[in-house]
Protein chains: 4
Amino acid sequence: MTEQANRGPADPADETSTPVRPGRRRSEESRRAILAAAYELLDEAGYARLTVEGIAARAGTGKQTVYRWWPGKADVLLEALTVHARRHVPLPDTGDHAADLHAFLAATFAAATPPTGDALRALMAEAQIDPAFGARFRDTLLNPRREALGTLLARAHAADALAPQLTPATAVDLAFGLLWYRLLATREPLDDRLAALLTRTLLRA
Amino acid sequence: MTEQANRGPADPADETSTPVRPGRRRSEESRRAILAAAYELLDEAGYARLTVEGIAARAGTGKQTVYRWWPGKADVLLEALTVHARRHVPLPDTGDHAADLHAFLAATFAAATPPTGDALRALMAEAQIDPAFGARFRDTLLNPRREALGTLLARAHAADALAPQLTPATAVDLAFGLLWYRLLATREPLDDRLAALLTRTLLRA
Amino acid sequence: MTEQANRGPADPADETSTPVRPGRRRSEESRRAILAAAYELLDEAGYARLTVEGIAARAGTGKQTVYRWWPGKADVLLEALTVHARRHVPLPDTGDHAADLHAFLAATFAAATPPTGDALRALMAEAQIDPAFGARFRDTLLNPRREALGTLLARAHAADALAPQLTPATAVDLAFGLLWYRLLATREPLDDRLAALLTRTLLRA
Amino acid sequence: MTEQANRGPADPADETSTPVRPGRRRSEESRRAILAAAYELLDEAGYARLTVEGIAARAGTGKQTVYRWWPGKADVLLEALTVHARRHVPLPDTGDHAADLHAFLAATFAAATPPTGDALRALMAEAQIDPAFGARFRDTLLNPRREALGTLLARAHAADALAPQLTPATAVDLAFGLLWYRLLATREPLDDRLAALLTRTLLRA
DNA sequence: TTATAATCGAGACGGTACGTCTTGTCTTCAG
DNA sequence: CTGAAGACAAGACGTACCGTCTCGATTATAA
């Protein structure tokens, strides 16, 4: 029933302008309990054992309440993650391209450590398996970060500070590629030293 | 490659000194039918709809024959992929570091296009969800490629041809990071131009 | 009869004081479809080829709906049978012991013909193989009939109408023994003539 | 392959007249091990958990060796039982009908106690489920006993010693009916007192 | 002595059903 | 009209046995 209008993780902001529909309002308490339950269960059991039933049970809600507001467990996790990690990555602009880039990368790397890193890995996996979720994942999480870094690197490019032959777009791919490859494949640490190395590689020596 | 690790019995690894065990031998026909079925079904339906039951049915075998030789559908796909893509990536050594690197990268990129690329994405996803498979995936597929590229870049490093501050290890991460990020996140093409750009970025200008 | 024992929640046994629990109620339609499917499939294919999967498929339900309400196929059949044969055997009390006994035996024999007789044979077989079902089979089907006949014969015994040396209990065993032996072993017909002969044997000449 | 000539549990008697075929002879050791394994496993685990695989494993033989000589586990058990219980029931003929009948019934009842009784119950169950086995069961075990008792009762009938209205055939049904009903349904003891009561009921007072 | 034939233990094979689990939907009553 | 509760149809999971087939090895007869 009427799931079309008010659905979507990111829009409790619209609440002020809603035309005040009849009926019981969405329970903010349930919403938070579901997000928290999803996050906790991922930690405790891993994505393979994360189920909608388990989330609902832990949250003390019915399954329908989950399905009414999210398409599936991956989307719950995606919203849980954006809640947890909303503003972890600011966009610095001090004029010092190297310092700005290093700060951004270091903050991004720091945000990709467990348990957030585990959620990211799970979502990237789900994005491969469920193409529709993949699109939402890109729109909600991947692309905003790409654009932030892209903006930063475009400034460097305009100042001719980018390494030769690199465009902002490919530099973004190199940076996030390194991040995700370490996260998904090698599981090696993402520390400030690596951010520094990456900064020097992407910018003109 | 072919399943030598998972069970004692058939063990074609001991080819020199096969102890000639009793009992019916593994059916090579069934093995091939299962690998082919898995590959075809991935193409036709996607990883989300790929099931062990479906593979067995398409291959004309019993489910038990799949489970006897592979832990699950991901491992079937992994072997199918190594069969399909065994020698797609040779290790050139002409003395020209840039040419060698470019050739390796271009060949690697070429091998990551559909349908092989789809299989790679599915396996990387599964590796995140099932940690035990993740280990097998790294051992069987990821690390051998890393070592090949590592060898190539170590040669360049010894000749002081690597870009400043880069070690062979981080250069490998940058290269494969770019590959996998495009494969998993942006789905942008992996062409020779990109291989060239990457070559110039990793090597000393 | 109808499954009141197996799960706490629904418990329609408390019909007077139903606490009105939330949640969807058991589907009476599915229940009937499952019972009918089991009965039909027994006829068509025999007990050896009767499967829970087949019952669910024929009934148009999921397997889980069968397992939620019955321990297995034998219990489905047992309920189907008690539904079909609920009041086939009344307990006559005309004062004429011989007439009463003959009527009871003739009605009992008549109820043991195919297809009901086939179901009885299957259930008696299952009772030997699965002891837990055996207990349910005795409680639900065997003992109620024993008690009915026992009551009838106790009346005859009180009037000194029973054959010498016979107690009501052994007379019951002789009567049902003859019935089941013919059903299970010789497959010879159970007709009114046999009921008459049995009546004369059990009662004082 | 040519299994037709020498198969069948009961015919090692033909060994003298066999045309002396080439090839390895049937292993008497395996045969005995299989029969013993079946009997033991029935005791330990019950008929529901008795499997051909389990019998073969316990006997230290291959499954094929079981299937070569018996149609299935029930036939193994049937032979095991006839080996164990071959001559437990002699046919007395002292001229005293009551004494003869009582002796026969008491011996028959005694042979139906565990563990033999458990095997009998299992076989009677299997006979209901598998009609082909049912025919073999009747021919091998049920009918020979019926004929023995029938012979005994025919003598009594000829001497006009049978209870009025009873024919030898129905008297046999009453006797075995009581035995099997107690075995399958009530599990009450089958003792000499019951044999005595039955004797008096079947014979003219 | 050699060929042929049947058995043996072992174990993989194509199948079928099991009983469980999870998905996403539907239905009930309470707020 | 939402929320918790929970039954529903659907279908894959991984396991257990079925009865058959295929091995090398062994044991017999017949040439």
Side-chain angles (χ1 to χ4, degrees), chain A residues 1-2 21-27 29-30 49-54 56-57 59-69 71-73, chain B residues 9-10 20-27 29-30 49-54 56-57 59-69 71-73, chain C residues 7 9-10 19-27 29-30 49-54 56-57 59-69 71-73, chain D residues 1-3 6 19-27 29-30 49-54 56-57 59-69 71-73:
Chain A
M1 245 48 41
T2 60
R21 293 177 301 109
R24 186 171 174 173
R25 279 201 212 86
R26 175 176 185 183
S27 162
E29 192 182 350
S30 288
R49 277 190 281 275
L50 183 67
T51 65
V52 173
E53 296 209 338
T61 74
K63 284 166 61 179
Q64 190 62 269
T65 303
V66 178
Y67 282 114
R68 217 192 308 271
W69 302 107
K73 60 182 177 176
Chain B
V20 190
R21 294 175 318 100
R24 185 175 178 170
R25 288 205 201 84
R26 178 176 184 182
S27 163
E29 193 183 347
S30 289
R49 275 191 283 275
L50 182 67
T51 65
V52 173
E53 295 207 337
T61 73
K63 286 166 64 176
Q64 191 63 258
T65 302
V66 178
Y67 283 113
R68 211 188 320 265
W69 302 108
K73 61 180 177 172
Chain C
R7 293 209 38 201
V20 191
R21 296 173 314 103
R24 184 174 181 171
R25 289 207 201 83
R26 177 176 185 181
S27 163
E29 193 183 346
S30 288
R49 276 191 283 274
L50 182 67
T51 66
V52 173
E53 296 209 336
T61 74
K63 285 165 63 176
Q64 190 64 262
T65 302
V66 179
Y67 284 114
R68 207 186 328 264
W69 302 108
K73 60 179 179 174
Chain D
M1 251 122 293
T2 58
E3 283 192 29
N6 63 355
V20 192
R21 293 175 306 111
R24 186 173 177 170
R25 287 204 204 87
R26 176 176 185 183
S27 163
E29 192 183 351
S30 288
R49 277 191 281 276
L50 183 66
T51 65
V52 173
E53 297 208 339
T61 74
K63 283 166 63 178
Q64 189 64 269
T65 302
V66 178
Y67 282 114
R68 214 190 314 268
W69 303 107
K73 61 181 177 174

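Just so you know, these numbers use all the heavy atoms, side chains as well, and skip hydrogens, waters and symmetry mates. So that the names make sense, note that chain A is the first sequence line, chain B the second, and so on, each numbered from 1.
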A.B. asks: Between C:K73 and D:T61, which has a closest nucleotide on DNA chain E that is more 5'?
C.D. replies: D:T61
A.B. asks: Output the single nucleotide from F:dA7, F:dC18, F:dT22 whose closest atom is nearest the side chain of D:T51.
C.D. replies: F:dC18
A.B. asks: Tell me whether the side-chain N or O atoms of B:R25 pair up with the base of F:dC23 as donor and acceptor below 3.5 Å, since no angle test is needed here.
C.D. replies: no
A.B. asks: Taking only the side-chain heavy atoms of C:S30 (C-beta and beyond), determine which of E:dA10, F:dC8, F:dC13 contains the nearest atom.
C.D. replies: F:dC8
A.B. asks: Partners of A:T65 by side-chain hydrogen bond (donor to acceptor under 3.5 Å, both in side chains), sequence neighbours excluded?
C.D. replies: none
A.B. asks: Return the value, rounded to whole Å, for the distance between atom CH2 of D:W69 and atom C1' of E:dT7.
C.D. replies: 8 Å
A.B. asks: Rounding to a whole Å, what distance do you find between C:R49:CZ and E:dG15:P?
C.D. replies: 18 Å
A.B. asks: Nearest to the side chain of B:R24, which nucleotide is it out of E:dT23, F:dG3, F:dC21?
C.D. replies: F:dC21
A.B. asks: Partners of B:K63 by salt bridge (charged side-chain N to carboxylate O under 4.0 Å, His left out), sequence neighbours excluded?
C.D. replies: B:E53
A.B. asks: Ignoring hydrogens and angles, are the base of F:dG11 and the side chain of C:K63 linked by a donor-acceptor pair under 3.5 Å?
C.D. replies: no
A.B. asks: What contact category does B:G60 fall into here, base, sugar-phosphate, or nothing, at under 4.0 angstrom with non-hydrogen atoms?
C.D. replies: sugar-phosphate
A.B. asks: What nucleotide among F:dT2, E:dG19, E:dC21 has an atom nearest to a side-chain atom of C:V52?
C.D. replies: E:dG19
